[in-house]
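In this text the structure is predicted, and so the values were computed from the model without any measurement. Counting from 1, the numbers follow the sequence of the chain as shown. Keep in mind that the numbers below use all heavy atoms, side chains included, and drop hydrogens, waters and symmetry copies.
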Amino acid sequence: MALTRDFKDTVKERMLRDPAFARAMLDEAATLFLNGEPNMARLILRDLVNASIGFETLAAETGTPSKSLHRMLSESGNPGMDNLAAIFGAVRKYLGVDMQAHAVEAAE
């Protein structure tokens, strides 16, 4: 069964009308990364970049070529910590938010 609407368009429209959704995606990407799920974190971050700042603007903000950023945030990507920090920083700046990490007791 074919989808009636492109996922990327749906995400982008939701972010434009609901800034809390964009913040939640950024939070989820950071949480996944910090909890040892970098593959899923990259994919959510890629969707967030596509729907918000865009890869060309991200490239200008980070000083990293757009094609390199696309590769870093692909399923098989492997961005270094400096690049990942720059990506999170640029998206955070674009969304106008700060981020904080809090440690909580692990569930058994």
Side-chain angles (χ1 to χ4, degrees):
M1 177 179 201
L3 294 175
T4 58
R5 187 174 182 132
D6 187 270
F7 175 74
K8 291 178 187 177
D9 291 337
T10 301
V11 171
K12 186 170 189 168
E13 287 177 15
R14 172 87 187 266
M15 275 199 234
L16 290 174
R17 72 174 188 274
D18 186 3
F21 179 70
R23 291 189 303 269
M25 284 186 69
L26 180 61
D27 182 69
E28 184 66 14
T31 300
L32 286 165
F33 176 74
L34 292 173
N35 285 310
E37 296 187 52
N39 295 338
M40 186 56 75
R42 279 195 314 274
L43 297 179
I44 291 174
L45 198 53
R46 178 189 66 199
D47 289 340
L48 178 59
V49 168
N50 272 321
S52 62
I53 190 171
F55 277 93
E56 293 303 320
T57 303
L58 181 61
E61 286 286 320
T62 62
T64 304
S66 176
K67 285 187 177 190
S68 294
L69 292 167
H70 276 281
R71 280 191 299 274
M72 286 180 210
L73 297 180
S74 71
E75 286 186 46
S76 60
N78 190 19
M81 288 297 291
D82 291 344
N83 287 320
L84 198 55
I87 293 167
F88 271 110
V91 173
R92 183 191 56 74
K93 179 181 169 187
Y94 179 84
L95 295 177
V97 298
D98 285 325
M99 296 179 73
Q100 298 177 354
H102 298 275
V104 296
E105 196 166 321
E108 304 237 352

**OP:** With sequence neighbours left out, write down each residue that passes salt bridge (charged side-chain N to carboxylate O under 4.0 Å, His left out) with K93, or none if nothing qualifies.
**Re:** E61
**OP:** Kindly state each residue pair satisfying side chain to side chain donor-acceptor pair (under 3.5 Å) with at least one member in residues 68-82, sequence neighbours excluded.
**Re:** S68-R71
Only distances under 3.5 Å count here; give the side-chain donor-acceptor pairs of residues 95-104 to other protein atoms, sequence neighbours excluded, each with its distance to 0.1 Å.
| residue | atom | partner | partner atom | Å |
| --- | --- | --- | --- | --- |
| D98 | OD1 | R92 | NH1 | 3.3 |
| Q100 | OE1 | H102 | NE2 | 3.3 |

Original post:
Of the non-hydrogen atoms in L69 and T64, which two are nearest, and what is the gap between them?
Top reply: CD1-O, 3.7 Å
Subject >> Closest contact, heavy atoms only, A90 versus T62 >> reply: CB-CG2, 4.3 Å
Original post:
Taking only residues at least two apart or on different chains, which pairs with a member in residues 20-39 satisfy ring pair (Phe, Tyr, Trp, His ring centres under 6.0 Å)?
Top reply: none
Subject >> L43 with V11, same ILVMFWY side-chain cluster at under 4.5 Å >> reply: no
Subject >> Any side-chain heavy-atom pair of L73 and F55 under 4.5 Å >> reply: yes
Subject >> Where G77 and P79 come nearest, the two heavy atoms and their spacing >> reply: C-CD, 3.7 Å
**OP:** Return each pair, listed once, that meets salt bridge (Lys or Arg N to Asp or Glu O under 4.0 Å) where at least one residue sits in residues 18-30; pairs must be two or more places apart or across chains.
**Re:** R14-D18
Which pairs would a plain distance check flag for residues 45-53, meaning a side-chain donor or acceptor within less than 3.5 Å of a matching protein atom at least two apart in sequence or in another chain?
| residue | atom | partner | partner atom | Å |
| --- | --- | --- | --- | --- |
| N50 | ND2 | R46 | O | 3.4 |
| S52 | OG | L48 | O | 2.6 |

Subject >> Atom pair OG1 (T31) and CD (E37), whose distance is rounded to the nearest 0.5 Å >> reply: 10.5 Å
Subject >> Least distance between heavy atoms, A59 atom then S66 atom >> reply: CB-N, 3.7 Å
Original post:
Is there a path from V91 to L16 through hydrophobic residues (I, L, V, M, F, W, Y) whose side chains come within less than 4.5 Å of each other?
Top reply: no
